[in-house]
Undergrad: 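Let me begin by handing over the structure; questions about it come next.
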Number of protein chains: 2
Amino acid sequence: MATIYQVSEAAGVSLATVSRVMNGNAKVSERTRKKVESAMASLGYQPNAIAQSLASNRTNSVGLLVSELHGSYFGDLMSTVENVLKRNGKHVIITAGHVDEKREHEAIEFLKSRRCDALILHAEAVSDDYLKKLVNSKVPVVVINRKVDELEQNCFVVDNVKGGYLATKAAIDAGHKNIAYISGPLFKKDASDRLAGHKKALEEAGLTFDSNSTFEGDFHESSGQEGMQHLQATFPDFTALVCANDEMASGAMTAAREAGFDIPSKLSIVGFDNVLFSRYLYPKLTTINNPIHAMGEMAAHWVLEHVYDIKSPVPIEHLFVPEVVDRDTLGTL
Amino acid sequence: MATIYQVSEAAGVSLATVSRVMNGNAKVSERTRKKVESAMASLGYQPNAIAQSLASNRTNSVGLLVSELHGSYFGDLMSTVENVLKRNGKHVIITAGHVDEKREHEAIEFLKSRRCDALILHAEAVSDDYLKKLVNSKVPVVVINRKVDELEQNCFVVDNVKGGYLATKAAIDAGHKNIAYISGPLFKKDASDRLAGHKKALEEAGLTFDSNSTFEGDFHESSGQEGMQHLQATFPDFTALVCANDEMASGAMTAAREAGFDIPSKLSIVGFDNVLFSRYLYPKLTTINNPIHAMGEMAAHWVLEHVYDIKSPVPIEHLFVPEVVDRDTLGTL
DNA sequence: CTACTCAATGTAAGCGCTTACAAAATATCG
DNA sequence: CGATATTTTGTAAGCGCTTACATTGAGTAG
């Protein structure tokens, strides 16, 4: 593997000059630039990014922490972030935290040890305090899908309360009065916010909230099935079921079908997130759009602007509004 | 950010000693190890991975190229690879090639410039020659889902011909005689292999292959819908439809439903890959298991064994056999 | 022709580590 | 107890770049 030194020799110039043409910054005469470039080409020279980073204290890479490497939600997030960053010549280093405090912590430390120029975190398990400390350290950080007090400027979140509200409101508007709810794990802020929105919509419509109408799931498919089964016992007669995400809605649909409910004639279902596969489901899932794409883009632009001085083409927003995606699983009563 | 130098000062030892306790390799007396460790702790020292890499010529990271960062298939692959590598203290740097020769090439060059210790490539667009050159250069490379002549030892593939054969055979065994097929883009080896398997099964059963019975899709959902519509015109009366992947099968199911076909009573459908969501579909998709999980694991173990001298717990295999996953979309005639 | 600019290039000191090799400290043994 | 083997520690030379500063060499004005 050729080094800059060999290039400089071949081109008959100094290291500094080669470095200059590589970085295109300083003024190099056309003649020597040509010489250097042809030397590079003939040696198949490829700069050593590691050495560049060490010397320049810039890695041109931003760390991205997600909970999992699979799943539609994270797939969308990773894709979006990578796209806008790559378009600007920056690279993404992705790690997974698996919603586990220790592993998230390690993942973040890993990204820091790789000297990422900035971090984009979808951190679910790590404490607010840790995040605050992180933000106050040297490395620029943005947090996705989590609002931390005092860190508003670094957070990009969807209005989960509103989303939860809209989901249930849609069911109410369709004439439903007995509405069951499968929540996410309530220690997670987004899950509890969505539930809060659900309650708000009920209240506003003069419906009373019955604690038997709710099942606490874990955001995974299977807990949607469990929830459906559980709710049939604790809260029979519900005509609509709102789920805190699409995975659980899918599970609930399966369970409902097995229990002989036709969707949506006998049971309406509303999801949340609008992940890609929600549209492949049958019937196509009515859900709440979670603008993960927009948030990822915004987070990436924030980084470009704050770290690399590349102005964002769009104004930086921190709060995103969810919307109802009306498809086929919500029937009028 | 503390450096090794500051640690060495605080502990009253030399750089080398600090380095030694960090790497745990050389013999350091218990006493000085303690001193160094407490100095590290009190300084919050975190080694600079970049500097370590430059000095040691080891990055402890392996590059992973996938076509996309989203999608079940790649999600599974990334997860699996990351899991086994992380378990062994290695890190994964993920990039996307987007099935475009130029972008794949760039992505690989990026991984090389980051001095990854090894590369795991799901490369679809780059030429065989390029891959051969790559393998013959310094960096250890493994290729997933693509068999390159002369590079058998570096390739991990599923037997696509057999998979295609099994899918169609399953339909034949269920009594179907008019079997349509939606293939992937035929310039891709896996797509053409699967189609070859399909033809082989037909032939073996004494059924003649009618070119009107086939539609060339692009492996995406929407081309499944198109394919279904197209085939109704060119090859009416088919009772079973075999699709070269699950996404297209899902699209075909949607189109079939819209056209009023009940699945599986009026139309049977068989997919390929057994991605996660195939089980969420309604009816649950009968498909061919593509052991992407196993391949990812194997690729990771190959790297651990060949690059890091960590013996693989399982014998290294290069060819994986697909199997039928019998669910609800294949009906007997 | 000399003095002075200013652009183009070179020199060399790091960046934070690893690791041969050398030196010092300690253990072993007759 | 001294000589030798062995363990522990230190010294210093890189790894492949970037970049502040120094140098060179034209070009320009007087």
Side-chain angles (χ1 to χ4, degrees), chain A residues 1-37 39-40 43-61 109-110 112-117 138-139 308, chain B residues 1-37 39-40 43-61 89 91 109-110 112-117 138-139 308:
Chain A
M1 201 120 271
T3 72
I4 196 177
Y5 179 72
Q6 297 169 36
V7 174
S8 80
E9 263 198 322
V13 299
S14 73
L15 295 193
T17 301
V18 177
S19 176
R20 288 186 184 106
V21 349
M22 273 172 56
N23 297 301
N25 38 241
K27 336 64 178 338
V28 177
S29 77
E30 209 44 44
R31 232 165 55 87
T32 71
R33 152 166 290 116
K34 285 269 162 52
K35 272 195 303 187
V36 172
E37 276 166 354
M40 283 177 166
L43 284 169
Y45 173 71
Q46 195 186 29
N48 181 330
I50 298 287
Q52 288 181 307
S53 297
L54 183 60
S56 67
N57 204 23
R58 254 301 166 79
T59 58
N60 283 315
S61 60
E109 293 303 311
F110 165 69
K112 283 173 58 186
S113 79
R114 303 300 300 186
R115 293 302 188 268
C116 290
D117 297 330
K138 295 290 109 61
V139 48
Y308 299 112
Chain B
M1 201 121 271
T3 72
I4 196 179
Y5 179 72
Q6 297 169 37
V7 174
S8 81
E9 264 199 324
V13 299
S14 73
L15 294 193
T17 302
V18 177
S19 177
R20 287 186 186 106
V21 350
M22 272 174 53
N23 298 302
N25 40 239
K27 337 60 178 341
V28 177
S29 78
E30 208 45 44
R31 232 166 55 85
T32 70
R33 155 167 288 117
K34 285 271 162 55
K35 273 196 302 187
V36 171
E37 275 166 355
M40 282 175 167
L43 284 168
Y45 173 70
Q46 194 185 31
N48 182 329
I50 298 289
Q52 288 181 308
S53 297
L54 183 60
S56 68
N57 204 25
R58 253 300 164 80
T59 58
N60 284 315
S61 58
H91 297 284
E109 293 303 311
F110 165 69
K112 283 174 59 186
S113 78
R114 301 301 300 188
R115 293 302 188 268
C116 290
D117 297 331
K138 294 291 107 62
V139 48
Y308 300 111

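Residue numbering restarts at 1 for every chain, and letters A, B, ... go by the order of the sequence lines.
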Undergrad: Would you please name every residue forming a side chain to side chain donor-acceptor pair (under 3.5 Å) with A:Asn60, sequence neighbours left out?
TA: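 Residues passing side chain to side chain donor-acceptor pair (under 3.5 Å) with A:Asn60: A:Lys90.
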
Undergrad: Under the rule for side-chain contact (heavy atoms from CB on, under 4.5 Å), what residues qualify as partners of B:Ala49, not counting sequence neighbours?
TA: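 Listed in chain order: A:Ser113, A:Arg114, B:Gln52.
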
Undergrad: For B:Glu109, give me all partners under salt bridge (charged side-chain N to carboxylate O under 4.0 Å, His left out), at least two apart in sequence or on another chain.
TA: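 Salt bridge (charged side-chain N to carboxylate O under 4.0 Å, His left out) list for B:Glu109, sorted by chain: B:Lys112.
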
Undergrad: In chain order, what residues pass the side-chain contact (heavy atoms from CB on, under 4.5 Å) check against B:Ala11, with sequence neighbours excluded?
TA: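 Residues passing side-chain contact (heavy atoms from CB on, under 4.5 Å) with B:Ala11: B:Val13, B:Val36, B:Ala39.
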
Undergrad: Specify the separation, in whole Å, of atom CG of B:Asn48 and atom P of D:dC15.
TA: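 After rounding, the gap between these two atoms is 18 Å.
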
Undergrad: Which listed nucleotide (C:dC17, D:dT19, D:dC17) is nearest to the side chain of B:Ala51?
TA: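 Of the options given, the side chain of B:Ala51 lies nearest C:dC17.
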
Undergrad: If the condition is side chain to side chain donor-acceptor pair (under 3.5 Å), which residues does B:Thr3 pass it with, not counting sequence neighbours?
TA: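 Per chain and number, B:Thr3 pairs via side chain to side chain donor-acceptor pair (under 3.5 Å) with no residue.
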
Undergrad: State whether B:Tyr5 places a side-chain N or O below 4.0 Å from either non-bridging phosphate oxygen (OP1 or OP2) of C:dG14.
TA: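 No, B:Tyr5 has no side-chain N/O under 4.0 Å of OP1/OP2 on C:dG14.
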
Undergrad: List in chain and number order the residues that pass side chain to side chain donor-acceptor pair (under 3.5 Å) with B:Ser8, two or more places apart in sequence or in another chain; answer none if no residue qualifies.
TA: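 So B:Ser8 forms no side chain to side chain donor-acceptor pair (under 3.5 Å) with any residue.
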
Undergrad: What residues in residues 8-19 of chain B put a non-hydrogen atom under 4.0 Å from any atom of DNA chain C?
TA: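 By residue number: B:Ala16, B:Ser19.
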
Undergrad: Using the test side chain to side chain donor-acceptor pair (under 3.5 Å), find all partners of A:Thr17 that sit at least two apart in sequence or belong to another chain.
TA: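 In terms of side chain to side chain donor-acceptor pair (under 3.5 Å), with neighbours along the sequence ignored, A:Thr17 is linked to A:Ser14.
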
Undergrad: What is the bend of the helix from C:dC1-D:dG30 to C:dG30-D:dC1 when you compare the axis at one end with the axis at the other, using five pairs each and rounding to 10°?
TA: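 Between the axes fitted at each end of the helix from C:dC1-D:dG30 to C:dG30-D:dC1 lies an angle of 50°.
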
Undergrad: Round to a whole Å and report the spacing from CG of B:Leu54 to P of C:dT19.
TA: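 My rounded result for the distance is 12 Å.
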
Undergrad: My understanding is that only residues two or more places apart in sequence, or in another chain, count here; which of them pass side-chain contact (heavy atoms from CB on, under 4.5 Å) with B:Ser19?
TA: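 B:Ile4, B:Asn23.
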
Undergrad: Select from A:Gln52 and A:Arg20 the residue whose nearest nucleotide in DNA chain D is closer to the 5' end of that strand.
TA: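 Mapping each residue to its closest nucleotide by heavy atoms, the 5'-most match is A:Gln52.
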
Undergrad: Holding to side-chain contact (heavy atoms from CB on, under 4.5 Å), I want the full list of residues that pass it with B:Ser56, two or more places apart in sequence or in another chain.
TA: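 side-chain contact (heavy atoms from CB on, under 4.5 Å) list for B:Ser56, sorted by chain: B:Arg58.
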
Undergrad: Taking atom P of C:dT18 as reference, at what distance in whole Å does atom CG of B:Asn60 sit?
TA: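 To the nearest whole Å, that distance equals 11 Å.
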
Undergrad: Whole angstrom is fine here: how far is it from CD in A:Gln46 over to P in D:dG16?
TA: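 Distance check: A:Gln46 CD to D:dG16 P gives 13 Å.
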
Undergrad: Please list, pair by pair, any protein nitrogen or oxygen found under 3.5 Å from a nitrogen or oxygen in nucleotides 5-8 of chain D.
TA:
none

